Amino acid sequence: MFTPIQIADDIYSVGCRDWDIRDFHGYYIHEGTTYNAFLVTGEKNILIDTVKANFADELLTNISRIMDPSKIDAVISNHTEMDHSGAIPRIMHRIGEKKPLYCSKMGAQNLKRHFHRDYNFQVMGSGDAVTIGNRTFSFLETRMLHWPDSMFTWLPDEKILFSSDAFGQHYAGDKCFDDEIGEQIMPHAKKYFANILLHFSPRVQALLADVAKLNLDIRMICPDHGIIWRKDPSKIITAYDRWSRQVPAKKVLVIFDSMWESTTKMARAVTSGIESEKVGVRLMNTRKWHRSDIMTEVLDAGAVAVGSPTLNNGIFPVIADVLTYIKGLRPQNKIAAAFGSYGWSGEAVKILTREFEEMKWEVVNPGVKVVYVPDEKDLVRCFDLGATLAKTLKQKLS
Amino acid sequence: MDKWECPCGYVYDPAEGDIDNGIDPGTAWEDLPESWVCPLCGAEQEYFEKVD
């Protein structure tokens, strides 16, 4: 049970905290997450989004601390992903399946595909508004931010934006608002953007332009995960603008894996070369770091070096995992180079370089290959590779 | 000219083209370059269906 939190007059956060979850569809969560749901009470009572199915009882308990859940008059579904829609069948059963369920066009389609039921869908498009009781709700479709069904609900009188997954963070704690947690929330927000929204950066830019045009004077942003932005909603909007423009930082990321520590030695020499140019560096072993943590560092790294041994004429499987993940999220504006040790054929560097080219990253060096164990001269070549990456990045940023 | 819809809900309308991605208004579905993908979700053309 969770004591509902009043976020504005007669408006409550009634969702659930999932303290224990660590694997969120392949995204590693260090501090759990929340499934936020919001109850807007008044002449009519509206629930905005729900929680994961196994938290449905807790959601109903939370609501019951404010009102009888069966008296909810309508549900708004901003996003149909199961962590927000999973409890919809339980809620609709409780309140009566004939009651209206507001969602986008794609939302209605997706909810049917998820639950195989035909609820009383009220399809809303961008600019549509409904007055329910004493409140007005208006809607903005945000297709592919990050699903086809995604939309925002805006309370124009209260100036509160319910932003579905956008501006969210995977964080479960005893803090509920930006002013309570401070800067500590930003790494979670950054990780969320890097792993969920980066792929759709051009859409984020278009959305921010649309929102700016609407001149909404946003007082509060309530995302479906994590804390609520009430002290300074512009902070997360500004961060989204920067992240979605993919502004490169003066930082080089070195990602590697190794079989017999040869590629490890090379990675360490590449790192030293980067440091010699007074550029920020991060060395990440793919068997020590989760792909989602690596992705967070990729977000603002100006350059990326990837090292892989050659295994069975290919790249090392863990590197392939991480690269597939990175590639899908479409990071842009990177400088890159590959390196790796091999025993006989040594295809890994060539394969990695091709991957960089497919991602439209600027390859600055054909890469460094070393047969078996690197000697001192080989390590100097690796050092030089790191220095070249760092110098090229500095030139680009100057 | 026929419109085509992506599984994500985006509809390619030849009358509008896709100016942001270099497709002029008036470009028929059949004349789109092979490299053109859904500007919203990135799906390739084979996943689109003709709108009746």
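Given the structure is predicted, the values throughout are model-derived calculations rather than measurements.
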Just checking heavy atoms, which of residues 139-147 of chain A are less than 4.5 Å from chain B?
A:Arg143, A:Met144
Over all heavy atoms of both residues, which pair between A:Pro148 and B:Cys8 is shortest? Give the atoms and the distance, please.
CB-O, 3.1 Å
Would you say CD of B:Glu34 has more than 12 non-hydrogen atoms from neighbouring residues, nucleotides or ligands within 6.0 angstrom?
no
Give a yes or no on this: more than 12 heavy atoms of other residues, nucleotides or ligands lie within 6.0 Å of atom CD of A:Glu358.
yes
Heavy atoms of other groups near B:Lys3 NZ, more than 12 under 6.0 Å
no
For A:Lys360, is the NZ atom crowded, meaning more than 12 foreign heavy atoms sit under 6.0 Å from it?
no
For A:Arg117, does the CZ atom have more than 12 heavy-atom neighbours from other residues, nucleotides or ligands under 6.0 Å away?
no
